[in-house]
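Proteins come first, then strands; the chains are lettered A, B, ... in the order of their sequence lines, and each starts at number 1. Not measured: the values here are computed from a predicted model.
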Number of protein chains: 2
Amino acid sequence: MDNPQNTRERILDSALNLFSRKGYHDTRMDEIVEESETSKGAIYFHFPSKERLFLALMDQFASLLERRIREAIEQEDEGMQRVRAALTACLDTFGKYRLPAKIMLVQAVGLGAIFEKKRLEVNDHFANLIRTYLDEAIKVGDISPVDTEIVSHAWMGAIYSVVIRWVYTGEPEPERILSTLLPLLLRSVSYDDSIA
Amino acid sequence: MDNPQNTRERILDSALNLFSRKGYHDTRMDEIVEESETSKGAIYFHFPSKERLFLALMDQFASLLERRIREAIEQEDEGMQRVRAALTACLDTFGKYRLPAKIMLVQAVGLGAIFEKKRLEVNDHFANLIRTYLDEAIKVGDISPVDTEIVSHAWMGAIYSVVIRWVYTGEPEPERILSTLLPLLLRSVSYDDSIA
DNA sequence: TACAGCAAACCGACTGGTCAGTCTGTTGAT
DNA sequence: ATCAACAGACTGACCAGTCGGTTTGCTGTA
C-alpha cells in the first residue's frame with residue numbers, strides 16, 4: 001500500500017504517542033496496531049520486540065538532542081558562551097519535542113536493567129558533554145574551579161525536573177523557564193551573564 | 001509464630017529490597033514471599049494489592065523525609081539558614097536511606113497514573129516546602145528576589161539527579177556531594193555561604 | 001488447670017485473564 | 001515466480017490475586 005518507510009514511521013509515531021501518554025507497561029502492542037492503522041505483522045516486521053521499539057524511540061531522541069547541542073556549541077567561541085549555548089539548545093529541544101522528552105525523562109525510568117542502562121548512558125553522555133565545556137571554561141578563566149562532575153549532573157537534574165513539570169502541567173512556559181533557569185545555573189558557578 | 005507487626009515489617013522490608021533492586025514490574029509477589037519467608041496469604045492479609053504495598057513504601061519514606069526536614073528547619077533561625085538546614089536534611093536523609101530513596105526517585109517513576117500522582121504530590125510538597133522558606137529568606141532580605149517556583153523545582157531536580165547517581169554507582173561519596181552541591185545551590189540564588 | 005470457642009493471622013495450591021510474540025497465510029511489485 | 005511487506009487469528013507463559021484450610025493466641029467458663 002504505502003512504502004515501507006511510511007509504515008515504519010507511522011508505527012514509531014503511534015508508539016511515541018502511546019508510550020509517552022501511558023508509559024511502557026500500560027501500552028499494549030495491540031493499541032499501537034490500532035492507532036497506527038497497521039498490524040501485528042507490520043510491527044514485528046520492522047521491530048523485533050516491544051523493548052526494541054521503545055529503545056528505538058529513545059535513540060531517535062538522543063541523537064536529535066546530541067546533534068542540536070553540538071551544532072549550538074560549534075557556533076560559539078570557547079569558554080562559557082559554549083556552555084550557555086549547550087544549555088539553551090538543550091532546553092530549546094526539550095521544549096520543541098515534548099513527547100519524546102517525556103519518554104526520555106519519565107517513561108524510560110524504572111523499567112528494567114536494559115532501559116536503565118540506556119538511560120544512564122544517555123544521561124551521562126550529556127552530563128559529560130556539559131562537563132567538558134565547563135572544564136574548558138575553567139581553563140580559559142571564565143569561571144573559577146568547581147567540581148564539574150557534580151555540577152554537570154546537578155545541572156542535568158535541574159533541567160530535567162523543570163522540563164518534566166512543564167511536560168505534565170504545561171507550566172511554566174518555556175520562555176520563563178529559559179529566562180529563569182539559565183541565569184540560575186550560570187550563577188551557580190559564579191558566572192555573571194549580564195552580557196546577554 | 002511471630003507477632004503480626006513483625007510479619008508486616010518483614011514483608012515491607014523484603015519488598016523494599018526487591019522493588020528498589022529490580023523495579024516494580026520485575027518484582028513478583030512470589031519473590032517477596034520467598035525473601036520475607038512468609039506466604040501469599042500473609043502478604044494479602046496485610047496489604048490489599050501489590051500496588052498498595054508499593055504505595056505503603058512510598059508513604060513511609062515520604063513521612064520520614066518530611067519529619068526530618070521539619071525538625072531541621074525548626075532548629076534554625078529565620079531566613080537562609082533554614083533553607084540551608086532543609087537542603088542538608090534532605091541530602092542527609094537520602095544518604096542514610098539509600099533503598100527507599102531509590103524507590104522514591106527511580107522505581108516510582110513512569111508507572112501508571114496512580115503512582116505518578118503520588119510521586120508528583122510528594123515532589124511538589126517538598127518543592128513547596130523549600131519555596132516557602134526561600135520566599136521567607138527573600139522577605140527577610142537574605143537574598144534578592146528570584147522566581148522561587150522554578151528555583152525550588154530546579155533544586156529538587158539537582159538533588160535528585162546527584163543522589164540517583166550515587167544510589168547507582170556509590171559515587172561521589174555523600175560527604176563530597178554535600179560539600180559541593182550545597183554551595184552550588186546557594187550560589188545559584190547569590191547567597192554567600194562562607195559563614196559556614 | 002483444663003478446655004471449648006472463636007477470631008485473627010497465616011499457608012500455599014490453584015485459577016483466570018492478559019498480552020507479547022508467532023505463524024500461516026495474502027498482496028503487490030519486479 | 002519470487003520475495004518484501006504486510007494482515008490478523010491464535011497460543012501459551014506468566015503472575016496477581018483467591019480461597020479453603022490450618023495454626024495460634026486469647027477469652028470466658030467450670
Side-chain angles (χ1 to χ4, degrees), chain A residues 1-59 103 107-108 110-116 118, chain B residues 1-59 103 107-108 110-116 118:
Chain A
M1 196 190 287
D2 287 329
N3 73 67
Q5 207 50 39
N6 231 328
T7 302
R8 197 188 134 92
E9 261 153 40
R10 280 222 313 283
I11 292 167
L12 280 170
D13 209 56
S14 301
L16 175 63
N17 274 316
L18 287 161
F19 281 142
S20 69
R21 194 166 70 244
K22 319 181 31 165
Y24 182 78
H25 285 289
D26 286 348
T27 299
R28 325 271 151 243
M29 289 307 257
D30 286 331
E31 292 180 290
I32 300 177
V33 167
E34 198 180 358
E35 164 141 354
S36 63
E37 289 175 304
T38 58
S39 68
K40 252 336 187 3
I43 293 186
Y44 281 91
F45 176 78
H46 287 286
F47 305 93
S49 66
K50 186 183 180 183
E51 194 176 288
R52 294 289 201 84
L53 173 55
F54 191 88
L55 285 172
L57 288 170
M58 289 183 76
D59 276 328
I103 292 252
Q107 309 298 17
L111 308 178
I114 312 105
F115 296 98
E116 211 55 34
K118 169 68 93 189
Chain B
M1 196 189 287
D2 287 329
N3 73 66
Q5 206 51 38
N6 231 327
T7 303
R8 197 188 134 92
E9 261 153 40
R10 280 223 312 284
I11 293 166
L12 279 170
D13 209 57
S14 300
L16 175 63
N17 273 317
L18 287 161
F19 281 143
S20 69
R21 194 164 70 246
K22 316 179 34 163
Y24 181 78
H25 286 289
D26 286 348
T27 299
R28 326 271 150 243
M29 290 306 258
D30 286 331
E31 292 179 288
I32 300 178
V33 168
E34 199 180 357
E35 162 141 355
S36 63
E37 288 175 306
T38 59
S39 68
K40 249 346 187 357
I43 292 186
Y44 280 91
F45 176 77
H46 288 287
F47 305 93
S49 67
K50 185 183 181 184
E51 193 176 289
R52 293 289 200 85
L53 172 55
F54 190 88
L55 285 172
L57 289 170
M58 289 183 76
D59 276 328
I103 291 251
Q107 309 297 18
L111 308 178
I114 312 105
F115 297 98
E116 210 55 33
K118 169 68 93 189

List the atom pairs, donor and acceptor, that lie under 3.5 Å between side-chain atoms in residues 49-56 of chain B and the rest of the protein, sequence neighbours left out.
from: Ser49(B); atom 1: OG; to: Arg52(B); atom 2: N; distance (Å): 3.2
from: Lys50(B); atom 1: NZ; to: Tyr24(B); atom 2: O; distance (Å): 3.1
from: Lys50(B); atom 1: NZ; to: Thr27(B); atom 2: O; distance (Å): 2.9

His25(A) side chain near Leu111(B) side chain, heavy-atom distance below 4.5 Å:
no
Holding to side-chain contact (heavy atoms from CB on, under 4.5 Å), I want the full list of residues that pass it with Ser14(B), two or more places apart in sequence or in another chain.
Ile32(B), Glu35(B), Ser36(B)
Taking side chain to side chain donor-acceptor pair (under 3.5 Å) as the definition, give me every residue that meets it alongside Asp30(B), ordered by chain and number, with sequence neighbours left out.
Lys40(B)
Could you tell me how far apart Glu34(A) (CD) and dA9(D) (P) are, to the nearest whole angstrom?
13 Å
For Phe45(A), ring pair (Phe, Tyr, Trp, His ring centres under 6.0 Å) partners two or more places apart
none
Can you list everything that forms a side chain to side chain donor-acceptor pair (under 3.5 Å) with Asp13(B)? Sequence neighbours excluded, please.
none
Non-neighbouring partners of Lys118(B) that pass side chain to side chain donor-acceptor pair (under 3.5 Å), sequence neighbours left out:
Asp59(B)
Within residues 35-52 of chain A, those residues having any heavy atom closer than 4.0 Å to DNA chain D are Thr38(A), Ser39(A), Lys40(A), Gly41(A), Ala42(A), Phe45(A), His46(A)
Which residues in residues 23-30 of chain B have a heavy atom closer than 4.0 Å to any atom of DNA chain D?
Thr27(B), Arg28(B), Met29(B)
Write down the distance between CD1 (Ile32(B)) and P (dG12(C)), rounded to a whole number of angstrom.
17 Å
Name all residues meeting the ring pair (Phe, Tyr, Trp, His ring centres under 6.0 Å) criterion together with Phe47(A); count only those two or more places apart in sequence or in a different chain, and write none if there are none.
none
